[in-house]
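Lettering of chains follows the sequences in order, A, B, ..., and the numbering in each one begins at 1. What you see below is based on every heavy atom in this structure, not just the backbone, and it leaves out hydrogens, waters and symmetry mates.
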Amino acid sequence: TVTSNALIHGLCEAGNMLEAVRLLKVMLERGLQLDKITYNTLISGCCKEGKLEEGFKLREEMVKRGIVPDTFTYNLLIHGLCNKGKMDEAVMLWNECRRNGLVPNIYTYGVMIDGFCKADKIEEGKNLFNELLSQKIELNSVVYNTLIRAYSRNGNMAEAFRLHDDMRSKGIPPTCATYSSLINGVCGLGQVDDAKCFLDEMRKDGLLPNVVCYTALIGGYCKLGQMDKVGDILREMSSNGIQPNKITYTVIIDGYCKSGDMKEAAKFLDEMVEKGISPD
RNA sequence: UUCACAAGAUA
């Protein structure tokens, strides 16, 4: 069963749900004992493809087989609902989860907080976060990053920085995701040169700026129409061994197009294709 | 062996 579960997971990750379900049938035919992990893995695959109905059907099926859904199961389904912006239904599932005597974990909170934030209900997200603070659940970087991203997108950098200080003071390490959100927020205010300083701060924290951080900065310069600065960042990236990816190129090409320089845009498109990245 | 967070364009 463990081996088959791992295989199913691999197929789901590859987006090959049909094969994964086929494998499930094979397991049944061979009389292999299915477990929570088998079902959770499949439910995760369905939810990632946005096939929520399938996910809920699988949950029914597991119950029929006498396998009791656990917190993972709920987290997956709640996540699926959140991704569709169905926060009211997500809240109902959250309540059902507790009614069934299951204890929400850090993932449950993380998914819900992120769902609220992405549905433009930051205050609700923040309230859940405060509830989380009062629990005996250990906090981690992800929940902080979620809120930091939300406040940064809103241009509320004061609150974003406050959370950043707060996580540090609790010994929770900022990550690349923390910094890319902060960079993106400061860039959104047009302070791209200031945002660039975060690269050094990251290194002081023992983090190596990754392609996401650099791309956020490039995007900032593009929005300001400072296309000359884009080359600087690209050089800094390559001297640090970081390769631009498809999103980086998309940002640059879009920037040149919007600044009316189609020749440069075409150059970067060519460069991207030469590197084996297919445009979309 | 299964769950959450960061950067882009899109009529």
Side-chain angles (χ1 to χ4, degrees), chain A residues 1-13 20 34-48 55 58 62 67 69-80 82-83 90 97 104-118 125 128-129 132 139-150 152-153 160 163 167 172 174-185 187-188 195 198 202 207 209-220 222-223 233 242 244-258 265 269 272 279-280:
Chain A
T1 301
V2 172
T3 315
S4 305
N5 286 349
L7 272 173
I8 289 180
H9 183 227
L11 291 168
C12 289
E13 287 281 290
L34 304 185
D35 59 13
K36 289 181 211 248
I37 297 182
T38 318
Y39 277 103
N40 287 342
T41 306
L42 281 163
I43 290 171
S44 169
C46 288
C47 290
K48 278 185 189 137
L58 281 163
M62 76 192 276
I67 301 169
D70 60 4
T71 304
F72 275 44
T73 317
Y74 278 97
N75 291 349
L76 292 164
L77 293 169
I78 290 172
H79 186 209
C82 289
N83 280 344
C97 175
N105 61 18
I106 188 71
Y107 285 81
T108 325
Y109 276 98
V111 169
M112 289 292 296
I113 292 170
D114 191 41
F116 280 126
C117 289
K118 288 186 174 150
L128 248 197
F129 178 77
L132 170 62
L139 299 172
N140 64 18
S141 307
V142 173
V143 287
Y144 274 98
N145 291 347
T146 300
L147 281 171
I148 288 173
R149 176 192 119 108
S152 296
R153 288 225 151 215
L163 286 161
M167 70 193 287
I172 298 166
T175 64
C176 282
T178 317
Y179 282 102
S180 58
S181 291
L182 291 172
I183 289 171
N184 205 35
C187 284
F198 281 110
M202 289 181 75
L207 293 168
N210 64 9
V211 64
V212 177
C213 297
Y214 286 114
T215 302
L217 277 175
I218 290 174
C222 287
K223 251 177 246 148
I233 304 286
I242 306 291
N245 64 16
K246 189 187 292 197
I247 296 181
T248 317
Y249 280 111
T250 305
V251 171
I252 297 172
I253 292 168
D254 181 58
Y256 277 115
C257 287
K258 289 192 172 140
L269 180 61
M272 171 174 122
D280 59 10

Quiz item: Choosing from B/rG8, B/rA6, B/rA4, which nucleotide comes nearest the side chain of A/Val251?
Solution: B/rG8

Quiz item: Please give, in whole Å, the distance from B/rA4 C1' to A/Asp114 CG?
Solution: 7 Å

Quiz item: For A/Lys118 and B/rA6, is the shortest distance between a side-chain N/O and OP1 or OP2 below 4.0 Å?
Solution: yes

Practice problem: Walk me through it: do A/Glu13 and A/Lys48 pass the test side-chain contact (heavy atoms from CB on, under 4.5 Å)? | Solution: CA-CA 9 Å; A/Glu13 287 281 290; A/Lys48 278 185 189 137; 3.5 Å; yes

Exercise. Quick one: label A/Lys223 by what it contacts on the DNA or RNA (base, sugar-phosphate, nothing), any heavy atom closer than 4.0 Å.
Key: nothing

Exercise. Round to the nearest Å and state the distance from A/Lys246 atom NZ to B/rU10 atom C1'.
Key: 14 Å

Exercise. Could you please name the option among B/rA9, B/rA6, B/rU1 that lies closest to any side-chain atom of A/Ile37?
Key: B/rU1

Quiz item: Out of B/rA4, B/rC5, B/rA6, which nucleotide sits closest to the side chain of A/Ile106?
Solution: B/rA4

Exercise. Write down the distance between CG (A/Leu207) and C1' (B/rC5), rounded to a whole number of angstrom.
Key: 15 Å

Quiz item: For residues A/Asn145 and A/Thr175, is any side-chain donor paired with an opposing acceptor at under 3.5 Å?
Solution: yes

Practice problem: Report the nucleotide, chosen from B/rA6, B/rC3, B/rA9, that has the shortest atom-to-atom distance to any side-chain atom of A/Asp254. | Solution: B/rA9

Quiz item: Between the base of B/rA7 and the side chain of A/Asn210, is there a donor-acceptor distance below 3.5 Å?
Solution: no

Exercise. Measure from the side chain of A/Asp280, starting at C-beta and using heavy atoms only, and say which of B/rG8, B/rA4, B/rC3 lies closest.
Key: B/rG8

Quiz item: What does A/Val142 touch in the nucleic acid at a heavy-atom separation under 4.0 angstrom: a base, only the sugar-phosphate, or nothing?
Solution: base

Practice problem: If the plane angle is over 60° it's perpendicular, under 30° parallel, otherwise tilted; pick one for A/Tyr144 and A/Phe129. | Solution: perpendicular

Quiz item: Just checking, is any N or O donor in the side chain of A/Asp70 or A/Asn40 under 3.5 Å from an acceptor N or O on the other one?
Solution: yes

Self-check item: Among B/rU1, B/rA4, B/rG8, the nucleotide that comes nearest once only the side chain of A/Ile247 is considered
Solution: B/rG8

Quiz prompt | Interatomic distance where CG belongs to A/Leu163 and C1' belongs to B/rC5 [whole Å] | solution = 13 Å

Quiz item: Roughly how many Å is it from CD1 in A/Ile148 to P in B/rA7, rounded to a whole number?
Solution: 13 Å

Quiz item: If you check every side-chain atom of A/Lys258, which of B/rA4, B/rA7, B/rU10 has the closest atom?
Solution: B/rU10

Self-check item: Nucleotide nearest A/Cys176 (side chain, heavy atoms from C-beta), chosen from B/rA6, B/rA7, B/rC3
Solution: B/rA6

Exercise. Go through the side-chain N and O atoms of A/Ser181 and A/Asn184 and say whether any donor and acceptor fall under 3.5 Å apart.
Key: no

Quiz prompt | Protein-nucleotide distance (A/Arg153, atom CZ; B/rC5, atom C1'), rounded to Å | solution = 12 Å

Quiz item: Using a cut-off of 4.0 Å on non-hydrogen atoms, how would the nucleic acid contact of A/Thr41 be classed: base, sugar-phosphate, or nothing?
Solution: sugar-phosphate

Practice problem: Specify the separation, in whole Å, of atom CG of A/Leu77 and atom P of B/rU2. | Solution: 18 Å

Practice problem: Give one of base, sugar-phosphate or nothing for A/Ala216, where a contact means two heavy atoms less than 4.0 Å apart. | Solution: sugar-phosphate

Quiz item: What nucleotide among B/rC3, B/rG8, B/rU1 has an atom nearest to a side-chain atom of A/Asn5?
Solution: B/rU1

Quiz item: What is the distance from CD1 of A/Ile113 to P of B/rA6, rounded to the nearest Å?
Solution: 14 Å

Practice problem: Please report the C-alpha distance between A/Ile247 and A/Val211 in whole Å, then the side-chain angles of each, then the deciding distance to 0.1 Å, and finally whether the side-chain contact (heavy atoms from CB on, under 4.5 Å) criterion is met. | Solution: CA-CA 9 Å; A/Ile247 296 181; A/Val211 64; over 6 Å; no

Self-check item: Selection from B/rU2, B/rA9, B/rC5 that lies nearest to any side-chain heavy atom of A/Thr250
Solution: B/rA9

